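Below, chain A is the first sequence line, B the second, and so on; all start at residue 1. Just so it is clear, the structure is predicted and the values come from calculations on it, not from any experiment.
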Amino acid sequence: MLKSHSCGELRKGNVGEKVTLAGWVDRRRDHGGLIFIDLRDREGTVQVVFNPEVSPSCHGTANDMRSEYVINVSGEVALRPPGTENSQLSTGDVEVIASDCTILSVSETPPFYINQEIEVEESLRLRYRYLDLRRSRMLRNLTLRHQVVKFIRDFLDARGFLEIETPIMIKSTPEGARDYLVPSRVHPGKFYALPQSPQQLKQLLMVAGVEKYFQIAHCFRDEDTRADRQPEHTQLDLEMSFVTEDDILNLMEELLTALVLAVKPEIKVIKPFPRLAYDDTMERFGTDKPDLRFGLELGDLSDIVAGSEFAVFRDTVASGGRVKGICAPGCGGYSRNQLEELNKIAQGLGARGLLTVALGDAPGSLNDLTLDMVKSVAARYLTLEQVKEIAGRLGGDMGDLLLIVAGEPKMVNKVLSELRTEMGRRLELADPNTLAFAFIQDFPLLRWDEELGRWDSEHHPFTAPKDEHIPLLDTEPGKVHSKHYDIVCNNYELASGSIRIHDSELQHKIFSLLGYSDEEIQQRFGTILEAFHYGPPPHGGIAPGIDRIVMLLAGEETIREVIAFPKNQSAVDLMLDAPSPVTEEQLTELHLRLRNE
RNA sequence: GGCCCCGUGGUGUAGCGGUCUAACAUGCCACCCUGUCACGGUGGAGAUCAGGGGUUCAAAUCCCCUCGGGGUCGCCA
């Protein structure tokens, strides 16, 4: 080793020791005579003093050192002279008096600051990711990620789980997201696909008798990216045999609670995790991944306004639509501009408009409310009683602002859910130091796909229907609920899982319901159906997204901040410049020809 | 594919029709400096204001297009 100690570990106790350090020049302070260098490695920073009276040659070398040069230094650890200690630095009581040093490598001036926490354009960071990762924020995030994965491995190992790797090149099954494909050289015209998740493989491991499986698995989906979505991401893939829904949920609750306590004890977690039914959640929050750190729940006003003079509302209800709203406390004095901003959000998500009702512009008792205090374009079509009833339904008080959307139920929920999030942000209702985990359960098994004109799986086709709903598969498939569950947290979907079908006949029936011919079923799912003829155990599992968990624990806004080498929004790796063209020879070997488009 | 936001020395920002021959901070280079720690001091280099077109007597500034980046809807079983 070129170093006897790490820079960050030196303390008073090391005084008098002769040490050898290696690292990067974080900062250089040249006093003409003395030169100070803050030497940085992964563990921290320590001050090195180059004194011409101690070593003239060393001082000369230090003269040439610049930021991010890599150097090797030997010298004695000394107590700093009284009054020159630096309490900002964990090593600030001591310094290393250089008696010997070498420049191991030089550095050009970096394209952005390594030693300062200044926001830099993300594309530049991504292009020089290896420099970006030198910055303390990124080092912190990578370290946290390591701790999270290590904790998960230890936790599951202690409970008898086997970590098993599954292949990255598997078979394409063209439902769900688009596959990334890998052309085969040996088999002209045939392709492997990268796994969107190891779903079928982990179920086959259950048939194999593994009983408790997990994997830190890479998953690939060729879909557009988001702040919380990348073309490839990592999930904790987990599957167990002989379990019920509760067994999985209890395990996950224990894991997540212990994880947070282990790596971020200062973060608050609410225990036990609430368990919410999908239908209720949609009704109350308009989304299946609500932020439960604050209230602002949606209220249904359809019955109140059905008979009102306000035609927009009356007609919406009459034609099968819904009228719902939320209450923004203390926002009754919102300016026209502020209201217009909210209106734009609503319209951007498909609402015809947003009706705002200001219950006066100052706090007070709702009993004192009069109609001329109500500011709303609908004010003259509503009675005072109706306004009070609406306010009551939404938990509104004097000085509050009611936000009301009318229309097709799905859109109404989406818009209000977004407005709820927006108002939560504006009013700072969500404690940034809390992770509000919750389980969402009791999902519908199927959803009607308008475009394809057929039923589609809400989760995936291996999800087991609720036992008591199985008869409905033949009569009213839309009413069948399933043993599918999600873990949500702070407006993110963290995990999705289900108890699986382990009966080949029932599985076949589901595939048929989804519109597959027997031939297609055989071709796409033949393996798992065949495996189910050989004693499959009842089983189920779940797959939490590692990137999102680490992002939330790190307090970051995008998963790119917790991935060492992420791709940008256009799925490009700016550092490696991938994807990139390949040679004609490569294409020929793969039996491929590019289309002219 | 739709919508919204952004693009000014290496980096981060200011400037938002004329006073811009583009400012500030930091970084960089040179010199001075033996107790600094975001060291200090003096001097210096560094920007076709993302690219193209238009409006105007005059454009970094207004308009249009393109490119690049971000957010989001669709999409993500």
Problem set entry | Atom C1', compared across rA60(B) and rA23(B): separation rounded to whole Å | 13 Å
Problem set entry | N/O (side chain, Arg66(A)) to phosphate O (OP1/OP2, rC29(B)) under 4.0 Å | yes
Problem set entry | Under 3.5 Å on both distances, the Watson-Crick or G-U partner of rC24(B) | rG12(B)
Exercise. Taking atom P of rU26(B) as reference, at what distance in whole Å does atom CD1 of Ile118(A) sit?
Worked result: 11 Å
For this session: Using a heavy-atom cut-off of under 4.0 Å over every strand shown, decide if Thr91(A) touches base, sugar-phosphate, or nothing.
Result: nothing
For this session: Assess whether atom OH of Tyr180(A) is packed by more than 12 heavy atoms of other residues, nucleotides or ligands within 6.0 Å.
Result: yes
Exercise. Across the strands shown, which category fits Glu557(A) at heavy-atom distances under 4.0 angstrom: base, sugar-phosphate, nothing?
Worked result: nothing
Problem set entry | Separation between the P atoms of rC62(B) and rC24(B), rounded to whole Å | 23 Å
For this session: Run the numbers on Gln507(A) and Phe525(A) for side chain to side chain contact (heavy atoms under 4.5 Å, CB included), then give the verdict.
Result: CA-CA 10 Å; Gln507(A) 186 65 72; Phe525(A) 308 107; over 6 Å; no
For this session: Ignoring backbone atoms, establish whether Arg29(A) has a side-chain N or O less than 4.0 Å from OP1 or OP2 of rC39(B).
Result: yes
For this session: Using a strict 4.0 Å threshold on nitrogen-to-oxygen distance, state whether Arg134(A) and Glu68(A) make a salt bridge.
Result: yes
Problem set entry | Flag for Glu458(A)-His484(A): side-chain donor and acceptor within less than 3.5 Å | no
Problem set entry | Residue-phosphate contact under 4.0 Å: Asn568(A) side-chain N/O, rG69(B) OP1/OP2 | yes
Exercise. For Ser570(A) and rG69(B), is the shortest distance between a side-chain N/O and OP1 or OP2 below 4.0 Å?
Worked result: yes
Problem set entry | Donor-acceptor pair present, Arg229(A) side chain and rC75(B) base, under 3.5 Å | yes
Exercise. Would you call Arg500(A) and Glu239(A) a side-chain contact if the rule is heavy atoms closer than 4.5 Å?
Worked result: yes
Exercise. Considering every strand shown, what is the Watson-Crick or G-U wobble mate of rC62(B) when both distances are under 3.5 Å?
Worked result: rG54(B)
Exercise. Are Lys414(A) and rG74(B) close enough that a side-chain N or O sits under 4.0 Å from OP1 or OP2?
Worked result: yes
Exercise. Which whole number of Å gives the distance between the C1' atom of rC16(B) and that of rU8(B)?
Worked result: 12 Å
Exercise. Does the ring of Phe112(A) meet both stacking tests against the six-membered base ring of rU11(B): centre distance under 5.5 Å and plane angle under 30°?
Worked result: no
Problem set entry | Pair of N/O donor and acceptor under 3.5 Å linking rG70(B) base with Arg125(A) side chain | no
Problem set entry | Distance test, side-chain N/O of Arg560(A) to OP1/OP2 of rG71(B), below 4.0 Å | yes
For this session: Consider the side chain of Ser123(A), meaning its heavy atoms from C-beta on, and name the nucleotide among rG69(B), rU36(B), rU11(B) that approaches it most closely.
Result: rG69(B)
Problem set entry | Protein-nucleotide distance (Asp449(A), atom CG; rC75(B), atom C1'), rounded to Å | 12 Å
Problem set entry | Length of the line joining Glu493(A):CD and rC76(B):P, which is rounded to integer Å | 13 Å
Exercise. Planes under 30° and centres closer than 5.5 Å, is that true for His31(A) with the base of rC39(B)?
Worked result: yes
Exercise. Does the side chain of His481(A) reach to within under 4.5 Å of the side chain of Tyr278(A), using non-hydrogen atoms?
Worked result: no
Exercise. Among rA38(B), rC75(B), rG10(B), which is the nearest nucleotide to the side chain of Pro111(A)?
Worked result: rG10(B)
For this session: Measure the distance from CD1 on Ile114(A) to C1' on rU11(B) and round it to the nearest whole Å.
Result: 11 Å
Problem set entry | Rounded P spacing from rA22(B) to rG44(B) in Å | 15 Å
Problem set entry | Glu117(A) and Arg137(A) ion-paired at < 4.0 Å | no
Problem set entry | Arg80(A) side-chain N/O to rU36(B) phosphate OP1/OP2 under 4.0 Å | no
Exercise. Whole-Å distance between rU36(B) P and Arg27(A) CZ?
Worked result: 16 Å
Exercise. What is the nucleic acid contact for Gln196(A), judged by heavy atoms within less than 4.0 Å: base, sugar-phosphate only, or nothing?
Worked result: nothing
Seminar exercise, completed: Between CZ of Arg135(A) and C1' of rG27(B) the distance, given in whole Å, is 14 Å
For this session: Rounded to whole angstrom, note down the P distance from rC6(B) over to rA50(B).
Result: 13 Å
For this session: Sort out the partner of rC37(B) for me: Watson-Crick or G-U wobble, both distances under 3.5 Å, none otherwise.
Result: none
Exercise. How long is the line joining CG of Asp486(A) and P of rC76(B), in whole Å?
Worked result: 15 Å
For this session: With C1' as the reference atom in both, quote the distance from rG1(B) to rC75(B) in angstrom, rounded to an integer.
Result: 11 Å
Problem set entry | Integer angstrom distance from the P of rC5(B) to that of rU42(B) | 44 Å
Exercise. Reckon Gln116(A) has a side-chain N or O less than 4.0 Å from the OP1 or OP2 of rA38(B)?
Worked result: no
Exercise. Of the nucleotides rG71(B), rC39(B), rG69(B), which has the atom closest to the Ala227(A) side chain?
Worked result: rG71(B)
For this session: Starting from P on rG69(B), measure out to CG on Asp224(A) and report it in whole angstrom.
Result: 14 Å
Exercise. Taking NZ, NE, NH1 and NH2 as the nitrogens, is one of them in Arg125(A) or Glu561(A) under 4.0 Å from a carboxylate oxygen of the other?
Worked result: yes
Problem set entry | Gap in Å between the two C1' atoms, one belonging to rG51(B) and one to rC33(B), rounded | 47 Å
Problem set entry | Proximal nucleotide (of rU11(B), rG35(B), rA38(B)) relative to the Pro81(A) side chain | rG35(B)
Problem set entry | Closest listed nucleotide, where the reference is the side chain of Thr558(A) and the choices are rC39(B), rG71(B), rU26(B) | rG71(B)
Seminar exercise, completed: Taking rG35(B), rU11(B), rC73(B) as options, the one with an atom nearest any side-chain atom of Leu349(A) is rC73(B)
